[in-house]
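Residue numbers count from 1 along this sequence.
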Amino acid sequence: MASQNYPMPDLSSSEEFFMGESSGTAIQPSAWPMPMVMTGIGDWSLMWMAQAFVVDTQQTGPYGHDKFYSTNWGMLGATHRLGGGGILLRAMLSLEPATITERRYPLLFQTGETAYGNPITNAQHPHDFVMELSAQYSHSVGEHATAGLYYGLVGDPALGPVAYPHRASAMEIPQATLGHHWQDSTHIASNVLTGVLAFSKVRFEASGFYGAEPGENRWTIYFGPMDSYSGRVTFTPTSRWAVQVSAGHLTKPEALEHGDVNRTTASVEYVVPRPHGNWWATSLIWGRNWKTAEGYGSNAVLAETVVPLREKNFFSARYEWSQRDELFADNPVLEEQLITATGSRAFNVNAYTLGYTRDLFTWHGAETGLGGNISLYGIPDAIKPYYGDHPLGVNIYLRIRLR
């Protein structure tokens, strides 16, 4: 993982504490050879990570759309020894506010947040320009534990698994998960304070943060009071496994909805290193939202994997089942008619995604790949008049990643 002109630094145990963190303080199996370039300035060790997809999406059905856009992010982390421990400064940026026009890209059955004052349906919002701006300090506690304190002006509280843009099993899938707002949507929150106590195989975390989702102006930082909280326990029995359970209370997360959300998640991640610096990664994730104002809950389940074949071929797969309760939020009259006719607020949607990526060449540390995936959906009869009997979406993409 080190660059050719800078050897891997001799990190202290407190600095190594940071190396497994992928999103805020969330960790993945340490067997994952996290793609990064390492350099240094003086006594500082610098970690550079970046990934971008240039995507063309084509979809069928009345709610399907076509679009050309890019999803992307880049991160710089800097570690240094300090006061017998270690400090990590981290900034993560995204150009999606510029590369995703109209404040959304097509994603059938996706919901959450707003664009131009209206609920987003069948589309995914772009990430904020500032995805993370944080500082973290760690220090050994006795011989067998490390304590850490994380603060993010923008950051990721201890709630959910590693967010999908940074998850090993999702690295070859450009589109968001349908369960994003049930599982890991808090990965861009503001005023985040997290305390961590980590042992060799178990890690305890507690966070306070501002619970509202980011607003529509993706170039700015939406800062608010620390009105929400969460806790997470992560178990790593071996270097190949990471298991987490977390729960939190989000105060009024959605701009157009009244009430709060109580979220519970659980996940299992498994990574097997493969030749040529590749990896086989698999995740199983469950998330549940309980809406306090309406007094009901909904669930989302995900299974995804990326499997390398030889050196340059990657096969990806994702299965999702979720209870979609906001599919017609942009049409309240139709939404109420369907609730009356079916007796249910949510519709069970199954999504099946299969994909393939072929590595092309590496240029100045940037690894390129060309790929595509197709998503097929199983939906109830009640919503087929609006989506079609067999809706599907196709994505063709160019992937660029620092390696």
Is it the case that the side chains of [Y] and [X] hold a donor-acceptor pair, with the cut-off being a distance below 3.5 Å and no angle test?
{"X": "Asn299", "Y": "Trp286", "result": "yes"}
{"X": "Ser298", "Y": "Asn289", "result": "no"}
{"X": "Thr114", "Y": "Arg103", "result": "no"}
{"X": "His65", "Y": "Gln59", "result": "no"}
{"X": "Gln28", "Y": "Ser22", "result": "yes"}
{"X": "Thr357", "Y": "Tyr397", "result": "yes"}
{"X": "Asn373", "Y": "Thr353", "result": "no"}
{"X": "Ser246", "Y": "Thr265", "result": "yes"}
{"X": "Asp56", "Y": "Tyr69", "result": "no"}
{"X": "His180", "Y": "Gln110", "result": "no"}
{"X": "Tyr150", "Y": "Asp156", "result": "no"}
{"X": "Asp330", "Y": "Thr121", "result": "yes"}
{"X": "Glu304", "Y": "Ser316", "result": "no"}

With a 4.5 Å heavy-atom cut-off, do [X] and [Y] have their side chains touching?
{"X": "His181", "Y": "Glu113", "result": "yes"}
{"X": "Val333", "Y": "Asn331", "result": "yes"}
{"X": "Pro106", "Y": "Gln58", "result": "no"}
{"X": "Thr79", "Y": "Ile87", "result": "no"}

Intermediate values then yes/no, side-chain hydrogen bond (donor to acceptor under 3.5 Å, both in side chains), Asn191 and Tyr151: CA-CA 7 Å; Asn191 198 13; Tyr151 180 76; 2.9 Å; yes
Under a 3.5 Å distance rule, please check whether [X] uses its side chain to pair with a backbone N or O of [Y] as donor and acceptor.
{"X": "Asp184", "Y": "Pro161", "value": "no"}
{"X": "Thr368", "Y": "Phe361", "value": "yes"}
{"X": "Lys67", "Y": "Ile100", "value": "no"}
{"X": "Lys201", "Y": "Pro237", "value": "yes"}
{"X": "Thr251", "Y": "Asp227", "value": "yes"}
{"X": "Thr236", "Y": "Thr238", "value": "no"}
{"X": "Glu320", "Y": "Leu302", "value": "no"}
{"X": "Arg403", "Y": "Pro35", "value": "no"}
{"X": "Arg399", "Y": "Gln51", "value": "no"}
{"X": "Ser45", "Y": "Gly40", "value": "no"}

For [X] against [Y], the heavy-atom pair lying closest together:
{"X": "Gly277", "Y": "Pro33", "answer": "O-CG, 3.7 Å"}
{"X": "Glu96", "Y": "Asn72", "answer": "OE2-N, 3.1 Å"}
{"X": "Gly117", "Y": "Glu216", "answer": "N-OE2, 2.8 Å"}
{"X": "Thr220", "Y": "Tyr222", "answer": "CG2-CE1, 3.5 Å"}
{"X": "Leu392", "Y": "Leu108", "answer": "O-CD1, 3.9 Å"}
{"X": "Ala168", "Y": "Val306", "answer": "O-CG1, 3.5 Å"}

Hey, what do you get for OG1 (Thr57) to CD1 (Ile396), rounding to the nearest 0.5 Å?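 One gets 9.0 Å once the value is rounded to the nearest 0.5 Å.
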Can you tell me how the ring of His127 sits relative to the ring of His125, calling it parallel under 30°, perpendicular over 60° and tilted otherwise? perpendicular
Check the pair Glu326, Arg345 against salt bridge (charged side-chain N to carboxylate O under 4.0 Å, His left out), reporting the backbone distance first and the verdict last. CA-CA 8 Å; Glu326 299 175 2; Arg345 291 177 173 268; over 6 Å; no
In sequence, state the C-alpha distance, the side-chain angles, and the governing distance for Tyr352 and Tyr377, and then conclude on ring-ring contact (aromatic ring centres under 6.0 Å, His included). CA-CA 6 Å; Tyr352 311 84; Tyr377 302 91; 8.5 Å; no
Verify side-chain hydrogen bond (donor to acceptor under 3.5 Å, both in side chains) between Tyr356 and Asn313, making sure each step is shown before the conclusion. CA-CA 7 Å; Tyr356 169 74; Asn313 304 285; 2.4 Å; yes
More than 12 heavy atoms of other groups within 6.0 Å of [X] [atom1]:
{"X": "Trp48", "atom1": "CH2", "answer": "no"}
{"X": "Trp321", "atom1": "CH2", "answer": "yes"}
{"X": "Glu294", "atom1": "CD", "answer": "yes"}
{"X": "Trp219", "atom1": "CH2", "answer": "yes"}
{"X": "His258", "atom1": "NE2", "answer": "no"}
{"X": "Arg274", "atom1": "CZ", "answer": "no"}

Measuring centre to centre across the rings, with the benzene-like ring taken for any Trp, is Phe223 within less than 6.0 Å of Tyr210? no
List the steps, then state whether salt bridge (charged side-chain N to carboxylate O under 4.0 Å, His left out) holds for Glu172 with Arg401. CA-CA 10 Å; Glu172 300 296 340; Arg401 176 168 60 222; 3.0 Å; yes
Quiz: residues 266-273 side-chain donor-acceptor pairs under 3.5 angstrom, not counting sequence neighbours:
unit_1, atom_1, unit_2, atom_2, d
Ser267, OG, Gln244, NE2, 3.1

Of Tyr229, Trp290, Phe209, which meets ring pair (Phe, Tyr, Trp, His ring centres under 6.0 Å) against His249?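 In the set Tyr229, Trp290, Phe209, the residue that makes a ring pair (Phe, Tyr, Trp, His ring centres under 6.0 Å) with His249 is Tyr229.
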Apply side-chain hydrogen bond (donor to acceptor under 3.5 Å, both in side chains) to residues Thr362 and Glu367 and explain how you reach the verdict. CA-CA 4 Å; Thr362 300; Glu367 184 180 57; 4.6 Å; no
Derivation of the salt bridge (charged side-chain N to carboxylate O under 4.0 Å, His left out) call for Asp260 and Lys291: CA-CA 6 Å; Asp260 304 336; Lys291 295 186 176 182; over 6 Å; no
Which residues satisfy the side chain to side chain donor-acceptor pair (under 3.5 Å) test with Arg203, sequence neighbours excluded? Glu21
Among residues two or more places apart or on two chains, list those pairs meeting salt bridge (charged side-chain N to carboxylate O under 4.0 Å, His left out) that have a residue in residues 120-140.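 Those involving residues 120-140 are Arg90-Glu132, Asp128-Arg218.
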